[in-house]
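All residue numbers in this chain count up from 1 along the given sequence. Note that these values count all heavy atoms, side chains included, but never hydrogens, waters or copies made by symmetry.
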Amino acid sequence: VQLVESGGGLVQAGGSLRLSCAASGFTFDDHAIGWFRQAPGKEREGVACIRTEDARTLYAHSVKGRFTISSDSAKRTVYLHMNNLKPEDTAVYYCAADPVLPLTISTWRISDLGSWGRGTQVTVSS
């Protein structure tokens with residue numbers, strides 16, 4: 001199982017970035033795939049996830065209306081479109097996958113059956 005993130009970088013506040021997560025080694029269409037982030041000195045938090053089977057999505061309140069998660073089954077890739085970025089969005093963003101879609105993004109946990117990517121840095125300057 002492998003999750004490979006790309007698309008991080010440095011952007012000014014108000015700007016946009018698109019993160020990509022390329023997945024391999026598991027059945028893409030029966031997992032919840034999404035993103036966590038961890039800022040320095042803070043706990044890792046769920047940001048957004050999508051159940052690829054039916055495109056059901058969940059978002060953290062702090063990013064709702066600014067971030068959009070989508071998936072492309074043919075490319076086995078999940079995207080996180082981030083608009084109107086704020087300095088508080090600065091963090092390492094991790095792609096994650098798990099067989100179970102959580103009820104809420106705040107309760108999403110990656111089980112032993114799930115996987116993590118290595119992370120990609122997003123830095124938003126003020």
If you look at every heavy atom in Trp108 and Gly34, which pair is closest and at what distance?
CH2-N, 3.4 Å
Lys/Arg-Asp/Glu bridge criterion (N-O < 4.0 Å) met for Arg37, Glu45:
yes
Please report the shortest heavy-atom distance between Ile110 and Ser115, naming the atom on each side.
CG2-N, 3.7 Å
Side-chain touch Gln38/Phe36, heavy atoms, less than 4.5 angstrom
no
Can you measure from CG (Asp54) to CG (Asp29) and round to the nearest 0.5 angstrom?
10.0 Å
Hydrophobic clusters here meaning ILVMFWY residues chained together by side-chain heavy-atom distances under 4.5 Å, can you tell me if Val92 and Ile105 are in one?
yes
Determine whether a donor-acceptor pair (N or O, by modelled atom type, separation under 3.5 Å) exists between the side chain of Tyr59 and the backbone of Ile69.
yes
Minimal heavy-atom distance between Arg66 and Asn84, with the atoms involved, is NH1-O, 3.0 Å
Mind checking the CD-OH spacing from Gln121 to Tyr93? Nearest 0.5 Å is all I need.
9.5 Å
Could you state the interatomic distance from CE (Met82) to CG (Asp89), rounded to the nearest 0.5 Å?
7.5 Å
Asp98 CG to His31 NE2 distance, which is reported to the nearest 0.5 Å:
6.5 Å
Val63 and Leu58: same hydrophobic cluster, using ILVMFWY side-chain contacts below 4.5 Å?
no
Over all heavy atoms of both residues, which pair between Leu101 and Cys49 is shortest? Give the atoms and the distance, please.
CD1-SG, 3.7 Å
Rounded to the nearest 0.5 Å, the CH2 atom of Trp35 sits from the SG atom of Cys95 at a distance of 5.0 Å
Using a 3.5 Å distance criterion without hydrogens, assess whether the side chain of Ser126 forms a donor-acceptor pair with backbone atoms of Pro87.
no
Looking at every heavy atom in both Phe26 and Val1, which two are closest together, and how far apart are they?
CD2-CG1, 3.6 Å
Using every non-hydrogen atom in the two residues, find where Tyr94 and Arg118 come nearest and quote the distance to one decimal.
CE2-O, 3.4 Å
Rounding to 0.5 Å, atoms CD1 (Ile33) and CD1 (Ile50) come to a distance of 8.5 Å
Check for me, please, whether Phe67 and Val11 land in the same ILVMFWY cluster - side-chain distances under 4.5 Å, paths through other members count.
yes
Could you tell me whether the side chains of Asp72 and Thr77 share a donor-acceptor contact shorter than 3.5 Å?
no
Checking Val78 against Phe28 for the side-chain contact (heavy atoms from CB on, under 4.5 Å) test, could you report, in this order, the C-alpha distance in whole Å, the side-chain angles of both residues, the deciding distance, and whether it holds?
CA-CA 10 Å; Val78 171; Phe28 187 81; 3.9 Å; yes
